[in-house]
Chemist: 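For reference, the structure I am asking about is given below.
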Protein chains: 2
Amino acid sequence: MENCSGINFINKLPEREMILNAVEMYKIFADETRLRILLALLENELCVSKIVEVAGISQSAVSHQLRILKQMNIVKYRKQGKNVFYSLKDEHIEKIIGMVFEHLKEKGE
Amino acid sequence: MENCSGINFINKLPEREMILNAVEMYKIFADETRLRILLALLENELCVSKIVEVAGISQSAVSHQLRILKQMNIVKYRKQGKNVFYSLKDEHIEKIIGMVFEHLKEKGE
DNA sequence: TTTATATATGTATAAATGCTCATATGTAGG
DNA sequence: CCTACATATGAGCATTTATACATATATAAA
């Protein structure tokens with residue numbers, strides 16, 4: 001390549017590890033089921049069976065996704081009798097979610 | 001399920017279509033190559049060969065990803081001689097990207 | 001202790017996704 | 001017109017991922 005621009009500097013990107021962390025973060029939201037779960041948890045703590053209703057998929061699938069969200073440190077849980085209640089672990093999550101929805105609204109879709 | 005919480009209302013989620021749009025949006029950023037491309041485009045318009053340098057993958061792979069970004073209305077391009085220059089189509093993108101990086105910084109990682 | 005309910009987990013499967021390789025298209029220069 | 005360079009595209013392949021099904025675990029109640 002003969003250098004397509006007169007300018008010959010390339011912006012330093014963030015460190016690779018940081019980029020990979022960000023990618024992991026976006027991946028969390030990049031799935032309908034997980035996003036539905038997180039949106040539902042935005043306001044209330046919910047037990048698994050409620051989440052199943054909201055997500056509209058099998059209990060098994062929900063549990064699998066909840067595990068992922070636990071591993072990613074996105075949700076926390078507390079047990080109470082036979083139930084397990086999940087809630088968001090971090091208020092930043094709300095902001096990140098909100099951001100994209102704002103964007104979509106402003107685009108008028 | 002016998003109703004795990006006393007509260008019996010479930011938050012209305014956004015409409016399904018809106019959720020799906022958001023998922024599509026997050027998917028765009030949920031890939032290292034695409035995110036690197038977008039980060040590189042944050043400040044400069046760049047031609048494909050420059051993007052190849054930054055992204056660190058084959059020209060073919062970059063072109064494929066650029067096509068996706070075009071289809072998703074994230075980037076625009078202009079041709080100039082043999083080169084094609086790509087740039088971000090929308091300043092909201094920057095905000096959405098910035099958001100996650102802020103989050104990661106604040107978590108002290 | 002037996003049974004029912006809530007949740008978790010292992011496994012297999014199907015679909016989506018991103019890459020490479022080969023090749024096509026387009027443009028400029030000789 | 002022919003060649004070289006920049007970019008785009010099609011096909012095939014390998015990996016990832018989300019789900020369902022079956023089953024395990026845990027807790028409560030009978």
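Predicted model, so just to flag it, every value in this text is computed and none were measured. Only this structure's heavy atoms are used, side chains among them; waters, hydrogens and symmetry mates stay out. Letters A, B, ... are given to chains in the order of the sequence lines, protein chains preceding strands, and every chain is numbered from 1.
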Chemist: Specify the separation, in whole Å, of atom CD of Gln71(A) and atom C1' of dT9(C).
Modeler: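 In whole Å, dT9(C) C1' lies 12 Å from Gln71(A) CD.
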
Chemist: Kindly write out the residues that satisfy side-chain hydrogen bond (donor to acceptor under 3.5 Å, both in side chains) with Lys89(B), not counting sequence neighbours, or none if the list is empty.
Modeler: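 Lys89(B) satisfies side-chain hydrogen bond (donor to acceptor under 3.5 Å, both in side chains) with Asn73(B) only.
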
Chemist: Check the distance between dT7(D)'s P and Lys79(B)'s NZ and give it to me in whole angstrom.
Modeler: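 Lys79(B) atom NZ is separated from dT7(D) atom P by 11 Å.
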
Chemist: Do Ile28(A) and Leu38(A) come close enough that some side-chain heavy atom pair is under 4.5 Å?
Modeler: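 Yes; the side chains approach each other to less than 4.5 Å.
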
Chemist: Looking at residues at least two apart in the chain, or sitting in another chain, which of them share a side-chain hydrogen bond (donor to acceptor under 3.5 Å, both in side chains) with Arg67(A)?
Modeler: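 Arg67(A) satisfies side-chain hydrogen bond (donor to acceptor under 3.5 Å, both in side chains) with no other residue.
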
Chemist: Any donor-acceptor pair under 3.5 Å between the side chain of Gln59(A) and the base of dA8(C)?
Modeler: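 A donor-acceptor contact between them is present.
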
Chemist: Give a yes/no on whether any side-chain N or O of Ser60(A) is located under 4.0 angstrom from OP1 or OP2 of dA8(C).
Modeler: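 False: Ser60(A) side-chain N/O out of range (4.0 Å or more) of dA8(C) OP1/OP2.
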
Chemist: Within the supplied structure, the quantity of interest is the number of heavy atoms (other residues, nucleotides, ligands) at a distance under 6.0 Å from Glu15(B) CD; does it exceed 12?
Modeler: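 No, because the 6.0 Å sphere around CD of Glu15(B) holds 12 heavy atoms or fewer from other groups.
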
Chemist: When hydrophobic residues are tied together by side-chain contacts of less than 4.5 Å, even through go-betweens, does Leu20(A) share a cluster with Ile68(A)?
Modeler: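 No.
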
Chemist: Could you check how far CD of Glu32(A) sits from C1' of dA15(C), rounded to whole Å?
Modeler: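 One finds 15 Å between C1' of dA15(C) and CD of Glu32(A), rounded.
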
Chemist: Atom CZ of Arg67(A) and atom C1' of dA6(C): how far apart are they, to the nearest Å?
Modeler: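 Value for this atom pair: 17 Å.
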
Chemist: Using a 4.0 Å heavy-atom cut-off across all strands, classify Tyr86(B) as base, sugar-phosphate, or nothing.
Modeler: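 The residue Tyr86(B) makes sugar-phosphate contact but no base contact.
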
Chemist: Cut-off 3.5 Å, side chains only: do Gln59(A) and Ser63(A) have a donor facing an acceptor?
Modeler: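 Yes, Ser63(A) and Gln59(A) have a side-chain donor paired with an acceptor closer than 3.5 Å.
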
Chemist: Measure the distance from OH on Tyr77(A) to C1' on dA26(D) and round it to the nearest whole Å.
Modeler: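 Atom-to-atom, Tyr77(A) to dA26(D), this comes out as 13 Å.
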
Chemist: Pull out every protein N or O sitting under 3.5 Å from an N or O of nucleotides 16-19 of chain C, one pair per line with the distance.
Modeler:
from    : atom 1 : to       : atom 2 : distance (Å)
dT17(C) : OP1    : Lys27(B) : NZ     : 3.3
dG18(C) : OP1    : Arg34(B) : NH1    : 3.2
dG18(C) : OP1    : Arg34(B) : NH2    : 2.7
dG18(C) : OP2    : Arg34(B) : NH1    : 3.3
dC19(C) : OP1    : Thr33(B) : OG1    : 2.6
dC19(C) : OP2    : Gln65(B) : NE2    : 2.9

Chemist: Counting heavy atoms not belonging to Phe101(B), are there more than 12 under 6.0 Å from its CZ?
Modeler: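 Buried by this count: over 12 neighbours within 6.0 Å.
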
Chemist: To the nearest angstrom, how far is Ile51(A) atom CD1 from dT19(D) atom P?
Modeler: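 These atoms are roughly 14 Å apart.
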
Chemist: For the pair made of CG in Leu69(A) and C1' in dA18(D), what is the distance, rounded to whole Å?
Modeler: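 Checked: the CG to C1' distance equals 13 Å.
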
Chemist: Rounded to the nearest angstrom, tell me the gap between atom NZ in Lys82(B) and atom P in dA24(C).
Modeler: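 Taking NZ of Lys82(B) and P of dA24(C), I get 20 Å after rounding.
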
